[in-house]
Amino acid sequence: MTDGDEFRVRYSTKESVEYLEGVDAFEFRLGSFVDIPRAEDWDRVVPEAFRGRRDEIVARLMSDRLLVGTPARDVFA
């Protein structure tokens with residue numbers, strides 16, 4: 001588990017973007033929108049280190065220079 005201070009955003013494919021902290025990572029689907037797991041699904045589908053931190057991680061992800069202005073949408077996960 002990391003302290004969350006250091007993170008990276010990596011573009012895995014044209015259709016996905018990955019948020020990473022240390023060895024923990026979660027892949028988000030990318031298209032016209034960035035698909036974000038709904039709040040009620042978040043803790044069930046993300047790594048333990050990311051649980052309870054949805055707003056923080058989504059804000060960090062969406063602040064990436066290549067994602068600024070891309071709309072996000074909540075999706076069933």
Side-chain angles (χ1 to χ4, degrees):
M1 194 185 238
T2 68
D3 63 7
D5 288 339
E6 293 187 32
F7 70 94
R8 296 185 330 268
V9 175
R10 179 173 67 191
Y11 294 83
S12 310
T13 69
K14 285 179 12 180
E15 293 87 23
S16 66
V17 60
E18 197 171 30
Y19 176 88
L20 303 101
E21 288 181 6
V23 298
D24 296 304
F26 188 79
E27 190 171 61
F28 297 86
R29 186 164 175 243
L30 181 60
S32 300
F33 297 88
V34 178
D35 289 341
I36 309 293
R38 299 178 311 167
E40 55 266 34
D41 297 328
W42 181 266
D43 285 349
R44 180 178 52 79
V45 300
V46 298
E48 185 176 346
F50 298 170
R51 293 178 188 162
R53 300 176 50 215
R54 182 179 187 265
D55 291 344
E56 172 193 0
I57 289 171
V58 170
R60 287 176 165 187
L61 177 70
M62 299 307 292
S63 70
D64 182 77
R65 66 181 182 82
L66 296 176
L67 292 178
V68 170
T70 303
R73 66 179 174 186
D74 290 347
V75 296
F76 177 79

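Between the side chain of R51 and the main chain of D43, a donor-acceptor pair closer than 3.5 Å is present. The main-chain N or O of E48 is never found under 3.5 Å from a side-chain atom of D24 such that the two would form a donor-acceptor pair.
Expressed to the nearest 0.5 Å, how far CD of E40 lies from CZ of R54 amounts to 8.0 Å. How far CZ of R38 is from CG of D74: 8.5 Å, rounded to the nearest 0.5 Å. Atoms CZ and CD, on R60 and E21 in that order, are 5.5 Å from each other to the nearest 0.5 Å.
Cluster membership for F50 and L67, using ILVMFWY side-chain heavy atoms within less than 4.5 angstrom, is shared. A continuous path of Ile, Leu, Val, Met, Phe, Trp and Tyr side chains, each step under 4.5 Å between heavy atoms, connects F28 with M62, placing both in one hydrophobic cluster. Under the 4.5 Å side-chain heavy-atom criterion for ILVMFWY residues, a single connected hydrophobic cluster contains both L61 and Y11.
By the 4.5 Å heavy-atom criterion applied to side chains, I57 and W42 are counted as neighbours. Within the 4.5 Å cutoff, the side chain of V9 has no heavy atoms near those of the L66 side chain.
Closest heavy-atom contact between F26 and V45: CE1-O, 3.3 Å. Of all heavy-atom pairs spanning P37 and A77, the tightest one is CB-CB, 3.9 Å.
The aromatic rings of Y19 and F7 sit parallel, their planes meeting at an angle under 30°, below the 60° perpendicular limit.
Residues that satisfy the side-chain contact (heavy atoms from CB on, under 4.5 Å) test with R29, not counting sequence neighbours, are D35, R73.
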